[in-house]
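Accompanying notes for the structure given below.
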Amino acid sequence: MMTTVLKFGGSSVATIEQIQAISDYLQTRVATGEKLVVVVSAMGKTTDSLLSLAKQITDRPMIRELDRLLAVGEEQTISLLSIALNSRGVPAVSLTGQQAGIDTMGIHTKSKIKAIRKEVLHEKLRQYDVLIVAGFQGVNEAGDVTTLGRGGSDTTAVALAAVLSQRCEIYTDVAGVYTTDPRIHPTAKRLDTVSYDEMMEMSALGSKVMEMRSVELAKKYDVNIFVGKTLSSEGGTWIMDTTQAMEQKAVTSVSVVKNVLSVSIKHIPHTAAGVADIFERLSERHVNIDMISQTAFDGEVFLSFTCPLDEEAFLEEALAELTATLPQIKIDRHTEHAKISVVGIGMRDATGVASELFATFREMGIPFYQVTTSEISISYTIQEQDVEAAVAAIAARFHL
């Protein structure tokens, strides 16, 4: 009998009416002879609400207790979905991460899955048609509930599919993976397929459809992922191994990250210690550095980097220390920037993509301030006000 792993995000289970509708859909799948493992997130903004309750008590709640609190959100959803299915005569059981045999390691709020005891799943599947598993959580060696951090429910679903050697279907509020964000470029095209490598790059560069960690896991264990809109007849996107058809297309998508803070530092001494000290101070303040470029000339270094705008206060603390120890440096900040990234696995073999992009910016009169590349992507920092025009121009040039 076929077993499929499905995952429904928080926006898909935000109300009782939505849970009832998903139950109807799952009932039709079971009626065709499928066994289902269903991973669910907390209802709507429940996680944010629980976190807000803790913050009303203290700005620094104990992370062990925070994990225990946040796990409640998913446990509410699994119980309600199980009640709905059983009321329809579908044999279903709700399982916390611990009950599903999900063992974790690492620190609270940012744990990783260490192992999943598949014998637990197989035994439950012999008893029930649907297993409803709380995403985002597991249990560590001390027996404490831990959560998996951002994108944790996707990671749970992919890990379960890997253990069961099955495909994974991710249902959310969008109809798949698009060439770019439809909110920025309304005529963006939905991709029928995208490679693991491209999806990981897109996730790292700003796409919010899938968390990179879950795609890495899928690639490692060869799990095909379908991303589609909940209870929709629209086709979705398959995330899978690279095919020759994919390689023929040089550019697949354009990703955008707004609210980027760009920093340039001049007159840094051209020594390994000088640059290392800068990044050590930034790391001590937990500033999340993204794009980095450096040039050296005449005994001095010119350094540029970006970070999220909401980390500006931490950045300023680090920069204040730097100017105290290196008074000769000059620091420039730009707070109204965005990062725009072009991604395509075909870049590994294609030539001229960079030339086409530079020509596009020239023709549109759009200035850019920093450029970084990887094997399958090119990223630029531009003014946030130019994002829509830049995306439209790139989409037109590469037929996205």
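Checked for salt-bridge contact, Glu141 and Lys114 meet the test: a charged N lies under 4.0 Å from a carboxylate O. With respect to the salt-bridge test (charged N to carboxylate O, under 4.0 angstrom), the residues Arg397 and Glu356 qualify. Of the charged side-chain nitrogens involved, at least one lies within less than 4.0 Å of a carboxylate oxygen, so that Asp197 and Arg348 count as a salt-bridged pair. Residues Asp290 and Lys339 are paired through a salt bridge, judged by an N-O separation under 4.0 Å between the basic side chain and the carboxylate. Using a 4.0 Å cut-off between charged side-chain N and carboxylate O, Lys35 and Asp129 make a salt bridge. The pair Lys266-Glu300 does not meet the salt-bridge criterion, since no charged nitrogen lies less than 4.0 angstrom from a carboxylate oxygen. Under the 4.0 Å criterion applied to side-chain N and carboxylate O atoms, Glu123 and Arg126 are assigned as salt-bridge partners. The pair Glu321-Arg285 meets the salt-bridge criterion, with a side-chain N (NZ, NE, NH1 or NH2) lying under 4.0 Å from an Asp/Glu carboxylate O. With respect to Glu388 and Lys258, a salt bridge is recorded, a charged nitrogen being found less than 4.0 Å from a carboxylate O. Between Glu75 and Arg68 there is a salt bridge, since a side-chain N of the basic residue sits under 4.0 Å from a carboxylate O of the acidic one. Electrostatic pairing of Asp24 and Arg88 counts as a salt bridge here, judged by a charged N lying under 4.0 Å from a carboxylate O.
Here the side chains of Lys124 and Leu95 are in contact, with some heavy-atom distance below 4.5 Å. At least one side-chain heavy atom of Val120 sits under 4.5 Å from a side-chain heavy atom of Arg117. Considering only heavy atoms from C-beta on, Leu315 comes within 4.5 Å of Leu282 through its side chain. Ile170 places a side-chain heavy atom less than 4.5 Å from the side chain of Met210. Using a 4.5 Å cut-off on side-chain heavy atoms (C-beta onward), Trp238 and Asn224 make contact.
Between the side chain of Ser203 and the backbone N or O of Met199, at least one donor-acceptor pair lies under 3.5 Å. In this structure, Glu198 contributes its side chain and Ile345 its backbone to a donor-acceptor pair below 3.5 Å. For Thr156 (side chain) and Phe136 (main-chain N/O), a donor-acceptor pair under 3.5 Å exists by modelled atom type. With Ser253 contributing its side chain and Thr180 its backbone, the two residues share no donor-acceptor pair below 3.5 Å. Panel note: side chain Gln76, backbone Ala42; no donor-acceptor pair is recorded below 3.5 Å. Listed for the Ser49 side chain is a donor-acceptor partner under 3.5 Å among the backbone atoms of Lys45. Between the side chain of Gln18 and the main chain of Ser11, a donor-acceptor pair closer than 3.5 Å is present. Not one N or O on the side chain of Gln166 forms a donor-acceptor pair closer than 3.5 Å with the backbone of Thr4. Side-chain N or O atoms of Gln98 include none that pairs as donor or acceptor with a backbone N or O of Val139 at under 3.5 Å. Checking side-chain atoms of Thr179 against main-chain N and O of Lys189 turns up a donor-acceptor pair under 3.5 Å.
When all heavy atoms of Ser377 and Glu201 are compared, the closest pair comes out as OG-OE2, 2.7 Å. In terms of heavy-atom proximity, Ile382 sits nearest to Ala390 at CD1-CB, 3.9 Å. When every heavy atom of Leu231 is checked against every heavy atom of Ala21, the shortest pair comes out as CD1-CB, 3.5 Å. Nearest heavy-atom pair across Ser79 and Ser94 is N-CB, 4.2 Å. Closest heavy-atom contact between Leu6 and Leu36: CD1-CD2, 3.6 Å. When all heavy atoms of Val251 and Val353 are compared, the pair lying nearest together is CG2-CG1, 4.0 Å.
Note that the CG atom of Leu70 and the OG1 atom of Thr146 stand 11.5 Å from one another [nearest 0.5 Å]. Between atom CG of residue Leu261 and atom CD of residue Glu311 there is a gap of 9.5 Å, rounded to the nearest 0.5 Å. Rounding to the nearest 0.5 angstrom, the gap separating the CG atom in Leu81 from the CD1 atom in Ile78 is 9.5 Å. Summarising the geometry, atom CG belonging to Leu205 is positioned 9.5 Å from atom CE belonging to Met202; distances are rounded to the nearest 0.5 Å. Taking CD1 of Ile278 as the reference point, atom OG1 of Thr325 lies at 8.5 Å (rounded to 0.5 Å). Between the OG1 atom of Thr373 and the CE atom of Met347 there is a distance of 10.0 Å, given to the nearest 0.5 Å.
Both Val227 and Met200 are members of a single hydrophobic cluster when ILVMFWY side chains are connected at heavy-atom separations under 4.5 Å. Val163 and Leu125 fall within a single hydrophobic cluster, where Ile, Leu, Val, Met, Phe, Trp and Tyr are joined by side-chain heavy atoms under 4.5 Å apart, directly or via other members. Tracing side-chain contacts under 4.5 Å through hydrophobic residues (I, L, V, M, F, W, Y), one reaches Ile113 starting from Val39; they form part of the same cluster. Val254 and Val174 are not part of a single hydrophobic cluster, where members link through side-chain heavy atoms under 4.5 Å apart. Val13 and Leu26 end up in the same hydrophobic cluster when Ile, Leu, Val, Met, Phe, Trp and Tyr side chains are linked at under 4.5 Å.
In summary, the side chains of Ser304 and Ser264 do present a donor paired with an acceptor at a separation below 3.5 Å, with no hydrogens or angles considered. For the residue pair Thr109 / Asp67, no side-chain donor-acceptor distance below 3.5 Å is found, with atom types taken as modelled.
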- [ ] List the steps, then state whether salt bridge (charged side-chain N to carboxylate O under 4.0 Å, His left out) holds for Arg150 with Glu211.
- [x] CA-CA 8 Å; Arg150 183 187 172 107; Glu211 190 67 18; 3.1 Å; yes
- [ ] List the steps, then state whether salt bridge (charged side-chain N to carboxylate O under 4.0 Å, His left out) holds for Arg190 with Glu234.
- [x] CA-CA 10 Å; Arg190 179 177 52 79; Glu234 293 182 69; 5.3 Å; no
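Environment of CZ in Phe302: crowded, with over 12 heavy atoms of neighbouring residues, nucleotides or ligands closer than 6.0 Å. For Asp59, the CG atom sits in a loose shell: 12 or fewer heavy atoms of surrounding residues, nucleotides or ligands are nearer than 6.0 Å.
Screening residues 147-202 for ring-ring contact (aromatic ring centres under 6.0 Å, His included), with sequence neighbours left out, gives Phe8-Tyr171. Legend: ring-ring contact (aromatic ring centres under 6.0 Å, His included) pairs involving residues 321-362, not counting sequence neighbours, sorted by first then second residue: His334-His337, His337-Tyr369, Phe358-Phe368, Phe358-Tyr380, Phe361-Phe368, Phe361-Tyr380.
Under the side chain to side chain contact (heavy atoms under 4.5 Å, CB included) test applied with Leu303, the options Val263, Ile292, Ile329 reduce to a single match, Ile292.
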